[in-house]
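Quick notes on the structure that follows.
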Amino acid sequence: MKQTAVSKIAEMNGKEATVNGWLYNKRSSGKLWFLIIRDGTGILQAVVSKNDVAAGVFLDCDRVTQESSVQVTGLVHEDRRSPGGYELQVRDMRLLQIAQEYPITPKEHGSAFLMDHRHLWLRSSKQTAILRIRHEIIRACRDFFDSNGFTLVDAPIFTPNACEGTSTLFETDYFGEKAYLTQSGQLYMEAAAMAVGKAYCFGPTFRAEKSKTRRHLTEFWMIEPEVAYLDLDGDMDLAEAFVAYIVRRVLKSREQELKVLERDTAPLEKISAPFPRLSYDEAAEMLKGQSTGFTYGSDFGAPDETLISGKFEKPVLVHRYPAAVKAFYMKKDPKDPSKALCVDMLAPEGVGEIIGGGQREDDYDTLVAAIQKHGLPMEPFEWYLDLRRYGSVPHSGFGLGIERTVGWICGIPHVRETIPFPRLMHRLTP
RNA sequence: UCCGGAGUAGCUCAAUGGUAGAGCGGGUGGCUGUUAACCACUAGGCUGGGGGUUCGAGUCCCUCCUCCGGAGCCA
């Protein structure tokens, strides 16, 4: 089927072109129809004059409804009055299917209604732009690791145990045994890093927590690098180079989509390494006298993160949290064993945490003690302990949440719009 | 799970305890340059469910359901 993408319509100026798409909107003026057609790459105004087309075609203009699939053929020409600067003077039109009354109108809708029609909502220009930026971010993630000596190692989705013992996991019946949907591929990436040196995984992760906020999904995508012979400082170097690369890539390749989203790119232009780094103690100092309800020794809450990240134009790396509030596999700071060698990256503009990671405990005895201290069963971790029995080395890694990153870069406050089909506490469909 | 908010036409929302309405969308008609076009006409309702107060309830009370925002937890 010979066709021209709307995004390439300028190249056909003065020539005849066929555009395959869907009717976005239409206006009439008696003997004249303006059909606004979208094809996923852009929006084109097609003009139908009664004198230029067969009678049936002109009648079809009256019958065609919003989101009907249409194929229009005609002469492309420049016209300042047309959105996009070009329009198609229609010679012929084929109606592939007349859409039933389309639920999503050009007027406003509530988020619940739009989410119920997510499969159709994806057709709107903003949602399409978000999909494309998400794609670009994922490509950038892969390119960054692929060109820096990393090997993609896929982690399993079914896991036999609640690996960190903290989060609520989704339980499934696995041939009569209990199995859980993964909350992180990290432990497996540690095994992979001991094999290939630098490994990463990218896949869905699941949390059964009954969270109802703009930052939470029950199913989300995470990219997790893990590197042998890397300490916390090196881990932070890696994280900031990685995030800076992603932002640069999107700014360079998805200018058009950012424009559709009306994203102010000025704050993104400022994102380059190095990022500010501060310790938990320094961050806690900033919260003194604030009314966020923060108490020293506990993890930061959402208002705390907003306050801390709000003081910087770049993402900020907060390191060395109290070991008591972090997972068992975090290595303790030799200079202060009450702290863990971990790091969170808080994105600016009130976005908050997009990365969590750190250096892992590599000493066998210390790790065994940590598992016991956290009240976790030893048996499921025997394979993990093997990594400390056979050639243990310092190693570090982190996990980046794709949806929060997409939300930050797109300027979309709620993560439910950053994934094609979000899974939330109250949403399993479509 | 806790705290707050909302359920009225297909959608977005109005309506002092006293006749349920508008805009958009749909339908019909009009217009040769429209820009979320415009103009005229028109159809469309178990006011989330159940119970109560009242002469009278969309409105007040109780209860349940659904959804939204936030907290905790996290990416």
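Chain letters run A, B, ... following the sequence lines, proteins first and then strands; every chain starts at 1. Values in this document were obtained by computation on a predicted structure and should not be read as measured data.
At the phosphate of B:C67, OP1 or OP2 sits under 4.0 Å from a side-chain N or O atom of A:H426. Here A:R215 reaches the OP1 or OP2 of B:A71: one of its side-chain N or O atoms lies under 4.0 Å away. At the phosphate of B:G10, neither OP1 nor OP2 sits under 4.0 Å from any side-chain N or O atom of A:H117. Contact annotation: A:R214 side-chain N/O to B:G70 OP1/OP2 distance is under 4.0 Å.
When the P atom of B:C3 is taken as reference, atom NZ of A:K210 falls 15 Å away, rounded to whole Å. Rounded to whole Å, the distance from CG on A:L32 to P on B:U32 is 8 Å. When rounded to the nearest whole Å, the span between OH of A:Y321 and P of B:C73 equals 12 Å. The CZ atom of A:R404 sits 13 Å away from the P atom of B:C73 (whole-angstrom rounding). We find that CD of A:Q89 is positioned 15 Å from P of B:U32, with the value rounded to whole Å. We find that CG of A:L346 is positioned 12 Å from P of B:A75, with the value rounded to whole Å. Distance NZ (A:K212) to C1' (B:C67): 8 Å, rounded to an integer number of Å. Rounded to an integer number of Å, the gap from CZ of A:F113 to P of B:C13 is 12 Å.
A:I355 comes within 4.0 angstrom of the backbone, heavy atoms only, and of no base. Within the nucleic acid shown, A:P103 has no heavy atom closer than 4.0 Å to any nucleic acid atom. Residue A:S29 is classed as a base contact, given a heavy-atom separation below 4.0 Å to a base. Residue A:N51 is classed as a base contact, given a heavy-atom separation below 4.0 Å to a base. Residue contacts for A:E403: at a heavy-atom cut-off of 4.0 Å it reaches no nucleic acid atom on any strand shown. Within 4.0 Å (heavy atoms only), A:E87 reaches at least one base atom of the nucleic acid.
A stacking contact between A:F34 and B:G33 is absent: the pair does not combine a ring-centre distance of less than 5.5 Å to the base's six-membered ring with planes differing by less than 30°.
A:D39 and A:T41 share a side-chain donor-acceptor pair at under 3.5 Å. A donor-acceptor pair shorter than 3.5 Å can be found between the side chains of A:Y329 and A:Q186. In summary, the side chains of A:Y188 and A:D154 do not present any donor paired with an acceptor at a separation below 3.5 Å, with no hydrogens or angles considered. For the residue pair A:Q127/A:R118, the side-chain donor-acceptor check at 3.5 Å is satisfied. Side-chain contact annotation: A:S49 with A:Q89, donor-acceptor N/O pair under 3.5 Å present.
Separation of the P atoms belonging to B:U12 and B:G25 is 15 Å when rounded to the nearest angstrom. Rounded to whole Å, the separation between the P atoms of B:U1 and B:A20 comes to 40 Å. Between the C1' atoms of B:C46 and B:U42, the separation comes to 24 Å (whole Å).
On a pure distance criterion of 3.5 Å, a polar donor-acceptor pair joins the side chain of A:S211 and the base of B:G72. For A:S28 and B:C31, a side-chain-to-base donor-acceptor distance below 3.5 Å is present, hydrogens and geometry of angles not being considered. A:Q66 contributes no side-chain N or O that forms a donor-acceptor pair with the base of B:G26 under 3.5 Å. Side-chain N/O atoms of A:H109 and base N/O atoms of B:C11 include no donor-acceptor pair closer than 3.5 Å.
For A:A302, taking side-chain heavy atoms from C-beta onward, the closest of the listed nucleotides B:U34, B:U32, B:G72 is B:G72. Side-chain proximity of A:M222 to B:U32, B:U34, B:A75: nearest is B:A75. When distances are taken from the side chain of A:D79 to each of B:G33, B:C73, B:A75, the shortest belongs to B:G33. Listed candidates were B:C74, B:C31, B:G33. Nearest to the side chain of A:K31 is B:C31. The side chain of A:T213 lies closest to B:G70 when the candidates are B:C67, B:U34, B:G70. Candidate nucleotides B:C67, B:C11, B:G69 were compared by shortest atom distance to the side chain of A:R416, and B:G69 ranks first.
Across all strands shown, nothing is found opposite B:C74 as a Watson-Crick or G-U wobble partner with both distances under 3.5 Å.
A residue-by-residue look at A:E101 and A:G301 shows that A:E101 has its nearest nucleotide of RNA chain B further toward the 5' end. With RNA chain B read from its 5' end, the first of the two nearest nucleotides for A:R427 and A:E353 is the one closest to A:R427.
Checked for salt-bridge contact, A:D52 and A:R91 miss the test: no charged N lies under 4.0 Å from a carboxylate O.
Within the cation-pi definition used here (under 6.0 Å to the ring centroid, within 45° of the axis), A:K314 does not qualify as a partner of A:F275.
Ring planes of A:Y280 and A:Y321: tilted class, angle from 30 to 60°.
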